[in-house]
Visitor: 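Please read through the structure below; I'll follow up with questions.
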Amino acid sequence: MSTEQTSATSGPTPVEAFKQNILAKLKYAVGKDPRNAYSHDWFEAVALAARDHLVDNWEETEAQVDRKQHKRVYYLSLEFLIGRLLVDCLSNLGLLETARAALAELDVDLETIRQVEPDAALGNGGLGRLAACFMESMATLGLAAHGYGIRYEHGLFKQVVSDGWQQEHTETWLDFGNPWEFERPEVSYNIGFGGSVRTEDDGGEMPRLTWEPNETLRAIAYDTPVVGWRGSSVNTLRLWRARAMEDLQLERFNAGDHFGAVADVVRAESISRVLYPADSTEAGQELRLRQEYFFVSASLQDLLHRHMAAHGDIRSLPDKAAIQLNDTHPAIAVAELMRQLVDVYRIDWNEAWGMTVATLSYTNHTLLPEALESWPVSLMERLLPRHMQIIYLINAYHIDSLRAQDIHDFDLLRSVSLIEEDHGRRVRMGNLAFLGSHSINGVSALHTDLMRETVFRDLHRLYPQRISNKTNGVTFRRWLYQVNPLLTGSLVDALGENLLDAPEERLRDLEPHADKAGFRKQFAAHRQHSKRALASLVQERLGIHLDTEAIFDVQVKRIHEYKRQLLNLLHTVALYQAIRNEPTTDWVPRVKIFAGKAAASYHQAKLIIKLANDIARTINADPTVRGLLKVVFIPNYNVSLAEVIIPAADLSEQISTAGLEASGTSNMKFALNGALTIGTLDGANVEMSQLIGAEHMFIFGMTAAQVEQRKRAGELDMSAVVAGSERLAGALEAVRRGVFSPDDPQRYEALVEQLVRDDRFMVCADFDAYWHAQRRVDAAWQKPAQWWKSAVLNTARAGWFSSDRTIGEYAVDIWKVPTNRD
């Protein structure tokens, strides 16, 4: 799968040239001699050497965009879960084997130094990883794209599990600096908060309004180049760091007020300190809103400055810029863009509104009302007074326009209003994003249909052309080529080198190989290799031995009740009881693998992590299980850990309550690597079942329509269901009476009581269907030819779930920009 550059007829070979570049970086940039360099020093030197290869392409990409006056895409996201970049960069540049050989000549192992690179802690889960995949695909497809986000100093917390409980520790990913980024201190914008709005009559149709903040801080740019496949083009991920206007109030410091002298610094820099501060307090909510406005305002000021420098006319913005809002976090962009256009550029309100709608588009990622975000009006008025005026005016004009169309239904008008009046006055950010965008998209076919029927039902009735579907995808460069090089090598041997350039098209050609015993054997051997690597990691970190001949049954994702780790855990308990009680049954050995973080203030999710660890401790110590079942919870799930787990998985758990998972992307990554899915018809599982074939998956449980029907009927008390299921009743009772928590027998009483009396996420309701689906898994595993045929077909039919395909659809349908494949 090498794309190495060939050497010239004279001069050093590519390997020698790269080696010399590494040594130069080690000496002059890192300040180390090879004799006393540590692994991190070598990593930094290789990263800087690789970065040199990016810069020329980066400059040429930007120059070409300027020459051809291309329309630019701006992707605004509060998260970018980019993970480690060394192998990603080397691979896309075609330098991976060159670097490996160069380091070998220096007696340095590439695999060793790649492990010392920290994961950039800039995201939480699928939302941030999707943004990272999209940035890479935009570069691969030749789009002139900029990503905008926050350069979190600590980012999301580091998860430490102590006595089974999650503890949040500071993530220190920047301790050794970041060799990939370029600080741009000259790119700085003022960001205001609070204050008041001054009204001036300048003789125009509307008075001129000037916002006078009482607090101002600076946003400083840090740029990371994002390279496309084979170095096709290099785009920019621009992240903002918050700084105070003055680093020190010297007068106060000299007066002895040493802490007060830096109070403004602490307050300002807290904005870019931590991703997702706990919002269970008013202070936490305020910080979250400050974060969102901070990066949106800086990004809009920056892109408007770039637009004016290139085109000189603000009115051409919709023709030259497409701004994508990744979920509701950047929704304040609607009001901020209006403020910039009306207050700064003096555009008439109606024209400015037309420009705003034509420029902005919005991706919705959730049907959970609480995740759509809403902010107290009082907080908005205090923190962003001019924006609150603009939101009121947008809302008034919107309601007026509906009444002018003879729409007077009070319930409808209240539903589509930007202001929630029922439970304290709040600004509905989802409605704001919808009204201010010309395109709103869901991220799977089912999610988009449900979005039209639920959270945006009334807005969709008024604007039926705005909502479209763009099913998520993942970049195959990272999630196949890099994480599973052995499998990639077999695919290239079977299908040819051009598979690497068009996997979404060529992978289908793998289907006939599913019937070849030799290929299936090779496929299974690659899985064993990956399972041994994961088993080694678990042994090293947790001291638990895993049987690699067992099914590796994996559920790794953010811990949330709707993702139903509890359903998996109840099956684990029921299986444990069955193995003990039914020794004559031919049980298939199974390893249950869990990983994921719970939000810091989400008590129930933290309790689920504790339960998983309690169950693991009990089962793993019980000799009567006879090695047939092991349970592990691997702490601090991140991109690098996912890269080890995903190629090793035999079974992918995608078991969310139907109708609540927008799409999922881990389901695609697992299928691409040949894992079989056990899951509900939720999110992209629906499209996977259609494209891969339900016969090669294990689908179970209620559909979204059935879940909704049961909720509307109020059928959430599962007492009768539990009474009618001996396995479920036994599992719940064991958890309830403290079998897994002898130190605190009442620990899970309330949890079990809630499952039985108010089964909002259909854990009990779907349990029996899930149990029987797991028995189908056992039956399939005992027929290796059938299992590995299905595994090969999962890989062969996963090509459509490429982020290149997704971005191509965004480009054509929403952004109206060509790609290099058009």
Side-chain angles (χ1 to χ4, degrees), residues 520-521 523-556 565 567-595 612-634 644-655 670 673-679 697-698 700 727 730-731 734 740 770-791 794:
R520 293 197 302 268
K521 183 178 179 181
F523 200 100
H526 297 330
R527 177 72 51 76
Q528 267 299 309
H529 177 85
S530 297
K531 289 169 77 170
R532 286 193 293 270
L534 177 57
S536 177
L537 182 148
V538 170
Q539 179 72 50
E540 178 185 337
R541 295 190 184 181
L542 302 177
I544 299 174
H545 172 74
L546 302 184
D547 175 11
T548 60
E549 297 297 325
I551 299 175
F552 274 25
D553 176 351
V554 177
Q555 187 176 20
V556 290
Q565 285 90 356
L567 179 58
N568 193 348
L569 289 171
L570 287 177
H571 170 260
T572 304
V573 172
L575 181 60
Y576 169 58
Q577 294 173 326
I579 289 171
R580 298 177 70 196
N581 298 335
E582 305 167 36
T584 59
T585 299
D586 186 19
W587 297 107
V588 173
R590 189 181 290 247
V591 174
K592 290 272 195 177
I593 298 169
F594 297 86
N613 282 283
D614 280 348
I615 290 171
R617 184 188 64 247
T618 302
I619 292 176
N620 296 344
D622 189 341
T624 67
V625 175
R626 309 183 308 285
L628 292 172
L629 180 62
K630 280 284 178 69
V631 185
V632 294
F633 185 96
I634 309 176
V644 180
I645 292 174
I646 287 172
D650 295 307
L651 188 67
S652 164
E653 298 270 355
Q654 308 296 333
I655 59 176
F670 281 111
N673 283 273
L676 274 56
T677 300
I678 182 168
M697 302 169 67
F698 304 96
F700 75 94
R727 292 194 190 279
F740 304 99
Y770 182 56
W771 172 270
H772 292 302
Q774 292 283 16
R775 295 300 290 143
R776 298 204 310 272
V777 171
D778 287 345
W781 184 258
Q782 291 173 314
K783 299 175 182 177
Q786 172 187 321
W787 183 278
W788 293 109
K789 177 178 180 177
S790 292
N794 266 262

Visitor: Walk me through it: do Y770 and F698 pass the test side-chain contact (heavy atoms from CB on, under 4.5 Å)?
Guide: CA-CA 9 Å; Y770 182 56; F698 304 96; over 6 Å; no

Visitor: When you measure from the side chain of Q577 to the backbone of G730, do you find a donor-acceptor pair of N or O atoms at a distance under 3.5 Å?
Guide: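 Yes: the side chain of Q577 pairs with the backbone of G730.
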
Visitor: To the nearest 0.5 Å, how far apart are CG in N673 and OG in S530?
Guide: 7.5 Å

Visitor: When you measure from the side chain of T572 to the backbone N and O of N568, does any donor-acceptor pair fall under 3.5 Å?
Guide: yes

Visitor: If you compare all heavy atoms of A574 against all heavy atoms of A731, which two are closest, and at what distance to 0.1 Å?
Guide: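 So the two residues come closest at N-CB, 4.1 Å.
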
Visitor: Just by modelled atom types, is the E582 backbone N or O under 3.5 Å from a matching donor or acceptor in the W587 side chain?
Guide: yes

Visitor: Between W788 and A524, which heavy-atom pair has the shortest distance, and what is it?
Guide: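 Closest approach of W788 to A524: CE2-CB, 3.5 Å.
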
Visitor: So, for A578 and W771, which heavy atoms are closest and what is the spacing to 0.1 Å?
Guide: CB-CH2, 4.1 Å

Visitor: Please determine whether the number of non-hydrogen atoms from other residues, nucleotides or ligands lying under 6.0 Å from atom NZ of K531 exceeds 12.
Guide: yes

Visitor: Flag the pair Y576 / V631 as yes when at least one side-chain heavy-atom distance between them is below 4.5 Å, and no otherwise.
Guide: no

Visitor: Is any side-chain heavy atom of L546 less than 4.5 Å from a side-chain heavy atom of Q539?
Guide: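 Result no, sub-4.5 Å side-chain heavy-atom pair not found.
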
Visitor: Are any of the side-chain nitrogens in R590 or E549 under 4.0 Å away from the carboxylate oxygens of its partner?
Guide: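 Result for this pair is no, no salt bridge flagged.
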
Visitor: Please list, chain by chain and in numerical order, all residues satisfying side-chain contact (heavy atoms from CB on, under 4.5 Å) with N613, sequence neighbours excluded.
Guide: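 Listed in chain order: V161, I609, F633.
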
Visitor: Do the side-chain N and O atoms of K630 and H545 include a donor-acceptor pair separated by under 3.5 angstrom?
Guide: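 Per modelled atom types, K630 and H545 side chains form no pair under 3.5 Å.
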
Visitor: When you look at L569 and F594, which way does the side-chain contact (heavy atoms from CB on, under 4.5 Å) test go after all the steps?
Guide: CA-CA 10 Å; L569 289 171; F594 297 86; 3.6 Å; yes

Visitor: So, R626 side chain and T624 main chain: donor-acceptor pair closer than 3.5 Å or not?
Guide: yes

Visitor: I'd like to check W787 versus D650 (side-chain heavy atoms, cut-off strictly below 4.5 Å). Are they in contact?
Guide: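 Yes, at least one pair of side-chain atoms sits under 4.5 Å.
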
Visitor: Any idea which heavy atoms bring P589 and D547 closest together, and the distance?
Guide: CB-OD2, 4.3 Å

Visitor: Tell me the closest heavy-atom pair linking A675 and A649, and the distance in Å.
Guide: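 Heavy atoms of A675 and A649 come nearest at CB-O, 3.4 Å.
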
Visitor: How long is the straight-line distance from NZ of K783 back to OG of S790, given to the nearest 0.5 Å?
Guide: 11.0 Å

Visitor: Working to the nearest 0.5 Å, report the span between CG of N620 and CD1 of I544.
Guide: 5.0 Å

Visitor: From D586 CG over to D778 CG, what is the distance, rounded to the nearest 0.5 angstrom?
Guide: 9.0 Å

Visitor: Please check this pair: side chain of D622 against backbone of T618, looking for a donor-acceptor N/O pair closer than 3.5 Å.
Guide: no

Visitor: How long is the span from the CG atom in L534 to the CD1 atom in I634, to the nearest 0.5 Å?
Guide: 5.0 Å

Visitor: Counting C-beta onward and ignoring hydrogens, is there a side-chain heavy-atom pair between Q774 and L575 closer than 4.5 Å?
Guide: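 Q774 does not reach L575 side chain to side chain.
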
Visitor: Looking at side-chain heavy atoms only, is the closest gap between D553 and I593 below 4.5 Å?
Guide: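 No, side chains not in contact.
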
Visitor: Side chains of F670 and T677, heavy atoms from C-beta outward: is any pair under 4.5 Å?
Guide: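 No, every pair of side-chain atoms sits at 4.5 Å or beyond.
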
Visitor: Is there a side-chain contact between T548 and Q528, using heavy atoms and a 4.5 Å cut-off?
Guide: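 Heavy-atom side-chain distance check passes, below 4.5 Å.
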
Visitor: Without swapping roles, check the side chain of R727 against the backbone of H571 for a donor-acceptor pair under 3.5 Å.
Guide: no

Visitor: side-chain contact (heavy atoms from CB on, under 4.5 Å) between R527 and F552: does it pass, once the steps are laid out?
Guide: CA-CA 10 Å; R527 177 72 51 76; F552 274 25; over 6 Å; no

Visitor: Report yes if some heavy atom in the side chain of K592 is under 4.5 Å from a heavy atom in the side chain of L629; otherwise report no.
Guide: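 Side chain of K592 against side chain of L629, heavy atoms only: contact under 4.5 Å found.
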
Visitor: Would you please test V554 and E653 for side-chain contact (heavy atoms from CB on, under 4.5 Å) and show each step?
Guide: CA-CA 6 Å; V554 177; E653 298 270 355; 5.9 Å; no

Visitor: I need the T585 OG1 to L628 CG distance, nearest 0.5 Å.
Guide: 10.5 Å

